Every structure is written in C-alpha cells, then in structure tokens.
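Below is one structure; the comments refer to it alone.
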Number of protein chains: 2
Amino acid sequence: MQQPRRNTWQREAVRAALVQTPGFVSAQQLHQVLRDAGTTIGLATVYRALAGLSETEEVDSLQSPDGENLFRFCAMPGHHHHLICRACGDTRELSATVVEEWTRRVGAEHGFSDIEHVVDLFGICERCRATA
Amino acid sequence: MQQPRRNTWQREAVRAALVQTPGFVSAQQLHQVLRDAGTTIGLATVYRALAGLSETEEVDSLQSPDGENLFRFCAMPGHHHHLICRACGDTRELSATVVEEWTRRVGAEHGFSDIEHVVDLFGICERCRATA
DNA sequence: CGCTAGAGTGAGAGTCATTCTCATTTAGAA
DNA sequence: TTCTAAATGAGAATGACTCTCACTCTAGCG
Ligand SMILES: [Mn+2]
Ligand SMILES: [Mn+2]
Ligand SMILES: [Zn+2]
Ligand SMILES: [Zn+2]
C-alpha cells in the first residue's frame with residue numbers, strides 16, 4: 001500500500017487514539033474506543049489506517065500469543081523490540097543489539113538471505129505481580 | 001488439556017504424518033494429507049491431537065507471519081528456536097544461548113517475571129534463492 | 001470560491017482458521 | 001463380552017480480518 005494522498009479526520013483520529021494508549025491494542029479495541037468517543041469511524045477504516053501507519057513505521061505491530069494483531073504508537077525510532085506485560089499491556093521498548101547480531105550470524109551460517117526476525121518478550125510487570 | 005487417557009489411531013496418524021513432514025505445516029494441511037491418505041479423520045480431531053502434542057512438547061508450534069499456527073515434529077529436545085525458509089518451509093533448529101541470556105537479563109532489569117519469549121527467524125534458503 | 005475526479009470511507013457480506021456442539025463411536029477396565 | 005465415559009467428527013458457530021461497492025469528501029483546477 002502506497003502512502004495516502006489525502007488527509008482525513010479518520011486517519012488522524014486513529015493516530016491520536018494510539019498516541020493516548022500506553023500499551024499494545026488491537027484494531028477492534030481501537031475501533032471501540034473511537035466509537036465510544038462519539039465518532040462514526042468504520043472498522044475497515046481503522047484496519048486501513050493501522051496498516052498504513054505500520055508501513056511507515058509510525059506504529060509498531062506484533063502478533064499476540066493468541067494470534068491477534070496488536071498496535072502501538074512508538075517513540076523509539078528505528079528497529080527495536082518489546083517486553084510486554086501479559087496482564088496490563090504495559091510495554092518497554094528494547095534495543096537488542098545482541099539479538100540482531102545473533103540473527104545475522106545464524107542466517108549467514110545457514111546460507112539464508114532476506115532474514116526477518118520476530119523477537120518479543122511477554123511477562124508480568126512488577127505492578128501486576130503485586131496486585132495478584 | 002490434560003494428557004489423553006485413551007489411544008486412538010487418529011492421534012497416532014497425526015503423529016506419524018508429522019514425523020514424515022520436513023517443515024512446518026498447518027493443521028489444515030495435515031488434515032488434507034491424512035484424508036488424501038485415505039483416512040476419515042476429522043479436522044477437529046487433528047486440531048485436538050496437535051494441541052495435545054504441543055503441550056507435551058512432542059511437536060513445536062509457531063505462528064506464521066500471517067497468523068496461522070504451524071506445527072513440526074521436533075528432533076532437538078528441550079527449548080530451542082527455528083530458522084524457516086519462507087519459500088519451501090525448510091527448517092533449521094537453533095539453540096540460542098545468547099538470546100536466552102538476553103531474555104533473562106532484560107526481564108530482570110525491568111522487574112518482569114514469568115517471561116516468555118517468541119524468537120523465530122524467517123528467510124530464503126540457498127536452494128530457493130538459486131531457483132528464483 | 002464552486003466544480004469535479006477519484007481517493008477514501010463504511011455497512012455489510014465474505015473468507016478462513018479455529019473452536020464448539022452433540023449424537024455417535026470406541027478404547028479399555030472389569 | 002459388557003459397559004461407560006473418553007474420543008471422535010460433521011456441521012454449526014465464532015471471531016478476526018478483508019472485500020465490495022455505492023456514497024462521501026479531499027484537494028487540485030479554473
Ligand atoms: Mn531485532
Ligand atoms: Mn529461547
Ligand atoms: Zn502489568
Ligand atoms: Zn527454501
């Protein structure tokens with residue numbers, strides 16, 4: 001998908017909602033939030049907006065352990081990874097030089113090219129551990 | 001799901017089909033293979049068998065980039081990761097001490113517990129690169 | 001400013017992996 | 001062999017995501 005040519009309040013609303021959300025959220029959740037806020041935005045539009053923002057790397061996306069795609073507005077520029085609380089969604093951004101290097105090395109050793117890597121950490125944060 | 005109490009040819013057929021399959025396969029693919037082989041096994045049963053085998057770690061599972069759950073009979077015992085060819089599915093098993101340590105360290109640094117990590121590499125293998 | 005082409009939208013239908021339901025089958029203990 | 005509940009499987013249900021297409025609204029132009 002090439003970048004949008006026209007600006008719409010819908011796309012801006014999605015971006016704004018993401019900025020206000022601390023952790024990763026699904027498209028469905030975001031749609032609900034926007035509807036509750038009184039907008040008439042459509043679900044398909046939320047999906048389209050997120051796909052666009054993902055491609056320009058304005059937001060990060062990942063698959064939750066149960067297969068749902070989650071999104072988050074990202075402050076840290078460039079490639080990085082995440083440590084996510086399974087309970088509250090709180091997220092820490094990680095730069096992972098060690099892992100990047102390991103990836104490159106392993107790929108080369110096996111003669112693989114165009115390596116992509118999926119590296120995500122899920123756990124329980126301090127606060128949620130206390131609450132339990 | 002606790003472990004099965006009864007042995008059925010269905011569960012054994014799933015295991016056998018997995019052993020003969022070199023790369024990761026989906027439940028649907030496996031079901032098709034088993035049907036083509038002349039069995040009358042049901043799709044739900046394939047899913048149930050795979051879930052069971054996953055839990056006992058007789059097979060490894062991962063999410064493909066497009067969200068499908070894939071399974072593979074694993075020779076390497078204990079925890080490990082994979083480098084998978086996007087084109088042909090060929091898979092290399094990796095032990096990743098570096099990554100395991102990084103995971104532990106990062107988790108601790110951020111006060112997270114019960115850390116789980118998803119680490120998978122996807123690329124194009126030498127053979128497929130030549131074919132292209 | 002209006003006008004317009006066509007990018008963008010959204011309600012609803014469609015897709016597809018996975019799970020659920022429940023009538024029927026069958027493993028395995030007695 | 002008998003019996004009972006675990007296991008199965010056909011088909012329905014679920015749920016995330018995508019597609020369709022008539023309608024809307026952005027933005028470039030006169
Ligand atoms: Mn990385
Ligand atoms: Mn690991
Ligand atoms: Zn938390
Ligand atoms: Zn290959």
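All of these numbers come straight from a predicted model, not from anything done at the bench. Chain A is the first sequence line, chain B the second, and so forth, proteins listed ahead of strands; every chain is numbered from 1.
Rounded to the nearest 0.5 angstrom, A:C85 SG and A:I124 CD1 are separated by 5.0 Å.
Shortest non-hydrogen contact noted between B:V119 and A:W102 is CG1-CZ3, 3.9 Å.
Counting to the nearest Å, the P atom of D:dG15 and the CG atom of A:D66 are 12 Å from each other. C:dT19 atom C1' lies 14 Å from atom CG of B:L50, rounded to whole Å. Remark: C1' of C:dT25 and CZ of B:R48 are 13 Å apart, rounded to the nearest angstrom. Summarising the geometry, the separation between CG on A:L43 and P on C:dT15 is reported as 18 Å, rounded to the nearest angstrom. Atoms NE2 (A:H31) and P (D:dG15) sit 17 Å apart, rounded to a whole Å. Going from atom CD of A:E68 over to atom C1' of C:dA17 covers 14 Å, rounded to whole Å. Remark: C1' of D:dA7 and CD of B:E12 are 15 Å apart, rounded to the nearest angstrom. When the P atom of D:dT14 is taken as reference, atom CD of A:Q28 falls 15 Å away, rounded to whole Å.
Ion pairing between A:R15 and A:E12 holds under the 4.0 Å rule for side-chain N and carboxylate O.
Under the side chain to side chain donor-acceptor pair (under 3.5 Å) test applied with B:D60, the options B:H80, B:R72, B:H81 reduce to a single match, B:H80.
The side chain of B:N69 sits closest to C:dT18 out of C:dT9, C:dT18, D:dG9.
A:E57 CD: 12 or fewer foreign heavy atoms inside a 6.0 Å radius.
Mapped onto DNA chain D by nearest heavy atom, B:R11 and B:A44 fall at different nucleotides, with B:R11 at the one closer to the 5' end. Toward the 5' end of DNA chain C, the nearer of the two residues B:A27 and B:Q10, judged by each one's closest nucleotide, is B:A27.
Look at A:R35 and you won't find any side-chain N or O under 4.0 angstrom from OP1 or OP2 of C:dG10. Remark: B:Y47 is in phosphate contact with C:dT18, judged by side-chain N or O atoms under 4.0 Å from OP1 or OP2.
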What does the B/S/- profile of nucleotides 24-30 of chain D look like, 5' to 3', with a 4.0 Å heavy-atom cutoff to protein? -BBS---
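The side-chain contact (heavy atoms from CB on, under 4.5 Å) check on A:T45 picks up A:Q10, A:I41, A:R48, with sequence neighbours excluded. Under the side-chain contact (heavy atoms from CB on, under 4.5 Å) criterion, B:Q32 pairs with B:R35, B:D36, not counting sequence neighbours.
In this structure, A:S26 reaches neither bases nor backbone, as no heavy-atom distance under 4.0 Å exists between it and the strands shown.
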